[in-house]
Amino acid sequence: MFCKYCGKGISDNAMFCSKCGKQLTSPKESASKLQTENEPEQCKETEAEIKPHDNESEKKSEVESAEEKHKFCRYCGAKILASSIFCPKCGKLLETNNTTQDNNVFEKLGIGGKSAKIDLSVKFPVKNLFVNVLKRHTSQERGEILKAGMDSEKVPSNIKITEESLCPWFYSRIFIILLSVFIIFEICLMNFNNSNVMPGVMIIGSLMMPFAILTMFFELNLYRDVSFFKVIGIFLLGGSVSLLFTLFLYTIIPGGNGYGLIGASIVSITEEIGKAVIVIAILKRSKNISVLKGLLIGSAVGAGFAVFESAGYAFNIFLDAHDYNNFYYDYVDSLGAMNFTIFLRSILAFGGHTAWAAIEGAAFAREKKINKAFMKAFGVCFALHAIWDMNTPLQYLKLIVLCLAAWWVILRQLGKFIAENK
């Protein structure tokens, strides 16, 4: 017969599918079969029956060849095919050597394990993120990108995931537009002393890099099952709610001040939990979760969090620069202090909250639950964030290295996803 879940051909008396592990009979029937069978049942699932031969030596060699295609379940002793991932008798997950096949099944079923680990040997070429940026594109191409998710959120069945298909470019146009607006506002502020554009400088300066990275992940989601309108909604609401939840956590978790090891660790764990909870809540309500969608949803929440936080920092530094009694700011160059903060946070925003939340979203999308593998990815983000906040020598060099480290993880998540879905 055939498995009603995945279509795999299986023996008539199998209680579990050997490919997807789904239970084919009711729990009561399965228990009854297991109790009545005293000897391990040999799996009848073979690719071809052994035909009789007149030559005894030829028959013996074919039997031995057929035996090599089988193995025994380590839990119940049943004889099963060597390619089986689950035992058809007891339903237990088996250890196999076919890592790629196993990971494909784990990915589809949302089961934790090997698929969730970041394979350091799998790489996604960085050049793919920039190869199409300088090429000329038509308005029709832009329209096709923005049409994603508008008609339906169903995943197309003919999507092929390859490195060549993951070459975004639209994000660069978004960045150029925002950068142009920022430069215009800076000219109005610094050359014409028009303070009316100051809020625009803070908002656009904080927005241009995170939103451009978010647009990149929107392009990378080849399944096109999330609309740009929905992404904007998650960016605004998800970012603000994660910020609100983080402030609530600060009232519970004590000692979030200071830039030493303990203080930075408390800030890191609080803010990463605040973002991860919102990312997980959104992904749980989504359909057809994939690593690409996890990167998109995570980056949307992280980008919103980063924009609101950076604009707040710029505003506070502008106010503090006017305070002669402030220990840290003993100058009155408030515009210079604000601009320096905006420039620094804009340049480094590609490897901050947006990237960390994207890593967490991709890890949860792969696992479909909070388990050991997800906690490893969360621990990486926690460590990157904590080191980021600590006062250390060569501060700016450290921040650049941390940004590259975050994208090193993202590129391997992408590379592994491509390898599993070719």
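All values below come from the heavy atoms of this structure, side chains included, with hydrogens, waters and symmetry mates left out.
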To check you understand the geometry: which heavy-atom pair defines the closest contact between [X] and [Y], and what is its length?
{"X": "V226", "Y": "K293", "answer": "CG2-CE, 3.6 Å"}
{"X": "N221", "Y": "R224", "answer": "O-NH1, 2.7 Å"}
{"X": "A405", "Y": "L384", "answer": "CB-CD2, 4.0 Å"}
{"X": "E163", "Y": "C167", "answer": "O-SG, 3.8 Å"}
{"X": "S206", "Y": "I342", "answer": "OG-CD1, 3.7 Å"}
{"X": "L166", "Y": "N128", "answer": "O-CB, 3.5 Å"}

For residues 173-193, run the donor-acceptor check on the side chains, cut-off 3.5 Å, and write out each pair with its distance to 0.1 Å, sequence neighbours left out.
{"from": "R173", "atom 1": "NH1", "to": "V133", "atom 2": "O", "distance (Å)": "2.5"}
{"from": "R173", "atom 1": "NH2", "to": "V133", "atom 2": "O", "distance (Å)": "3.3"}
{"from": "R173", "atom 1": "NH2", "to": "K135", "atom 2": "O", "distance (Å)": "2.9"}
{"from": "S180", "atom 1": "OG", "to": "I176", "atom 2": "O", "distance (Å)": "2.7"}
{"from": "E186", "atom 1": "OE1", "to": "N339", "atom 2": "ND2", "distance (Å)": "3.4"}

Please identify each residue that fulfils side chain to side chain contact (heavy atoms under 4.5 Å, CB included) with [X], with sequence neighbours left out.
{"X": "E141", "answer": "H137, T138, W169"}
{"X": "L394", "answer": "L397"}
{"X": "L236", "answer": "I232, F308"}
{"X": "D389", "answer": "A264, V267, H385"}

If you round to the nearest 0.5 Å, how far is [atom2] of [Y] from [atom1] of [X]?
{"X": "I234", "Y": "S242", "atom1": "CD1", "atom2": "OG", "answer": "12.0 Å"}
{"X": "E271", "Y": "L243", "atom1": "CD", "atom2": "CG", "answer": "8.5 Å"}
{"X": "L411", "Y": "K416", "atom1": "CG", "atom2": "NZ", "answer": "15.0 Å"}
{"X": "S286", "Y": "D225", "atom1": "OG", "atom2": "CG", "answer": "8.5 Å"}
{"X": "I282", "Y": "K230", "atom1": "CD1", "atom2": "NZ", "answer": "8.5 Å"}
{"X": "S139", "Y": "L146", "atom1": "OG", "atom2": "CG", "answer": "11.0 Å"}

Hey, can you pull the donor-acceptor pairs under 3.5 Å for the side chains in residues 207-217, sequence neighbours left out?
{"from": "T215", "atom 1": "OG1", "to": "F211", "atom 2": "O", "distance (Å)": "2.8"}

For this session: Apply the test side-chain contact (heavy atoms from CB on, under 4.5 Å) to residues Y396 and L344: give CA-CA distance (whole Å), side-chain angles for both, the deciding distance (0.1 Å), then the verdict.
Result: CA-CA 9 Å; Y396 299 138; L344 182 63; 3.9 Å; yes

Exercise. Sub-3.5 Å donor-acceptor pair from the side chain of Y171 to the main-chain atoms of L129, do we have one?
Worked result: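 Side chain of Y171 to backbone of L129: a pair is present.
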
Exercise. Distance-only, no hydrogens or angles: does the S165 side chain make a donor-acceptor pair with backbone N or O of I161 under 3.5 Å?
Worked result: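 Not confirmed, S165 side chain does not pair with I161 backbone.
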
Beyond-backbone contact of [X] with [Y], side-chain heavy atoms, under 4.5 angstrom:
{"X": "L414", "Y": "V291", "result": "no"}
{"X": "I266", "Y": "I262", "result": "yes"}
{"X": "W407", "Y": "L404", "result": "no"}
{"X": "R366", "Y": "F374", "result": "no"}
{"X": "L220", "Y": "L295", "result": "no"}
{"X": "I273", "Y": "F382", "result": "no"}
{"X": "W388", "Y": "L399", "result": "yes"}
{"X": "M198", "Y": "L335", "result": "yes"}

Exercise. Around F343, counting heavy atoms of other residues, nucleotides and ligands shown, do more than 12 lie under 6.0 Å from its CZ?
Worked result: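 It does: F343 CZ has more than 12 such atoms within range.
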
For this session: Report, as yes or no, whether the 6.0 Å neighbourhood of atom CD1 on I252 holds more than 12 heavy atoms from other residues, nucleotides or ligands.
Result: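 For I252, atom CD1 is crowded (more than 12 foreign heavy atoms under 6.0 Å).
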
Check residues 310-319 and write down every donor-acceptor pair under 3.5 Å in which the side-chain atom is one partner and the other belongs to a residue at least two apart or another chain.
{"from": "S310", "atom 1": "OG", "to": "A306", "atom 2": "O", "distance (Å)": "3.0"}
{"from": "S310", "atom 1": "OG", "to": "R345", "atom 2": "NE", "distance (Å)": "2.9"}
{"from": "N316", "atom 1": "ND2", "to": "G312", "atom 2": "O", "distance (Å)": "3.2"}

For this session: Go through the structure and list residues passing side-chain hydrogen bond (donor to acceptor under 3.5 Å, both in side chains) with Q395, not counting sequence neighbours.
Result: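 Testing Q395 for side-chain hydrogen bond (donor to acceptor under 3.5 Å, both in side chains), a comparison that skips the adjacent residues, returns T392, K398.
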
Problem set entry | Contacts of F228 that satisfy ring-ring contact (aromatic ring centres under 6.0 Å, His included) - sequence neighbours left out |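 Testing F228 for ring-ring contact (aromatic ring centres under 6.0 Å, His included), a comparison that skips the adjacent residues, returns F218.
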
Return all side-chain donor-acceptor pairs below 3.5 angstrom for residues 347-363, not counting sequence neighbours, or 'none' if the list is empty.
{"from": "H353", "atom 1": "ND1", "to": "K275", "atom 2": "NZ", "distance (Å)": "2.8"}
{"from": "H353", "atom 1": "NE2", "to": "E309", "atom 2": "OE1", "distance (Å)": "2.9"}
{"from": "W356", "atom 1": "NE1", "to": "G351", "atom 2": "O", "distance (Å)": "3.4"}

